[in-house]
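Both ligands and their constituent atoms are indexed starting at 1 by order of listing. Because only heavy atoms are used, hydrogens play no part in the values below, and waters and symmetry mates are left out as well, while side chains stay in. One is the number of the first residue; the rest follow in order along the sequence.
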Amino acid sequence: METIKIVIAGPRGRMGREAVKLVEETEHFSLVGVIDHKFEGQKLSKADDFKSNAIIYTDIEKCFSETKPDVLIDLTTPEIGKIHTKKALEYGVRPVVGTTGFSDADLKELEELTEDRGIGAIIAPNFAIGAILMMKFSQMAAKYFSDVEILEMHHDQKLDAPSGTGLKTAEMISAVRGAKEQGHPDEKETLAGARGANYQGIHVHSIRLPGLVAHQEVLFGGDGQTLSIRHDSFNRASFMSGVKLCVEQIMNLDVLVYGLENLID
Ligand code: NAP
């Protein structure tokens, strides 16, 4: 297999650290540089507790020009992630974006840019294969159970709510069952937000607590029965098999793929 040259943005972050480890440990992956907003010009091994001697760049354009990567893995923040993804496409570098919080307008703009450039891009709000199956199983269940609420639970440092996975699950369920208001028609919130966010009648509840990583329960209700479909990521390593799959598959894509569910059967 040909070696894939990779740049990681956000290498000191919780996800970024795991991604650096993944690239270091994968024979046909090579870490040619990292993008951070500190430690310009230093070796990654000097700036933090890493093995890699990849150079840290604070300027993405300089990084791409000097390292000529095949793939950018972005694990930063929504605003920065969007800028990085656009720059990558401009420079002909395929972006694998795990950063969450992109709006529909952002996705549309990036889709158009990808088409213009004719290279692949992947935006995957959840890299955990189990979470993808949880979404697919939920979509199957929605054919038979049209009343459903989503509880998404994350660590308390997460910036966006609801999570990309929570929203995506609601979209996938609503594609099957359509819009439907649930609960009592005269229901009133006596405390604002008590019923959570509402996507086409599906209530999405975002829980943020220290100690959590990324968890979601999709709770269906029918006559005399409930069905719970739950996935738990207990650590960030749970996401790395998905990152590896995306980096490998992106080399054969020439469109933007949104969601890992579109890459697995
Ligand atoms: P995190 O620990 O806060 O890491 C983000 C990193 O980005 C930090 O090291 C931060 O540095 C760095 N950063 C900020 N501005 C930057 C810039 N201009 N250039 C380069 N790096 C910059 O967050 P995380 O938990 O790793 O999550 C990162 C992203 O991945 C979030 O959007 C999160 O929602 C998403 N996520 C996705 C998945 C998935 O499966 N797709 C799973 C978990 C998380 P400082 O700390 O110095 O600011």
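Using a heavy-atom distance under 4.0 Å as the criterion, the protein contacts of ligand 1 are Gly10, Arg12, Gly13, Arg14, Met15, Ile35, Asp36, His37, Lys38, Leu75, Thr76, Ile80, His84, Gly98, Thr99, Thr100, Ala124, Pro125, Asn126, Phe127, Lys158, Phe239.
When the options Arg208, Lys168, Lys158 are evaluated for a salt bridge (charged side-chain N to carboxylate O under 4.0 Å, His left out) with Glu152, the one that passes is Arg208.
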Does Lys87 form a salt bridge (Lys or Arg N to Asp or Glu O under 4.0 Å) with Glu90? I'd like the steps, not just the answer. CA-CA 5 Å; Lys87 278 282 171 241; Glu90 276 171 29; 3.3 Å; yes
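Taking each heavy atom of Gln216 and Ile150 in turn, the nearest pair found is CD-CG2, 3.8 Å.
Every residue two or more places apart in sequence or in another chain that forms a salt bridge (Lys or Arg N to Asp or Glu O under 4.0 Å) with Glu187 is listed here: Arg195. By the ring-ring contact (aromatic ring centres under 6.0 Å, His included) test, Phe137 is found to be paired with no residue, residues two or more places apart in sequence or in another chain being considered.
Side-chain heavy-atom separations under 4.5 angstrom define the hydrophobic clusters, and the remaining members of the one that includes Leu167 are Tyr199.
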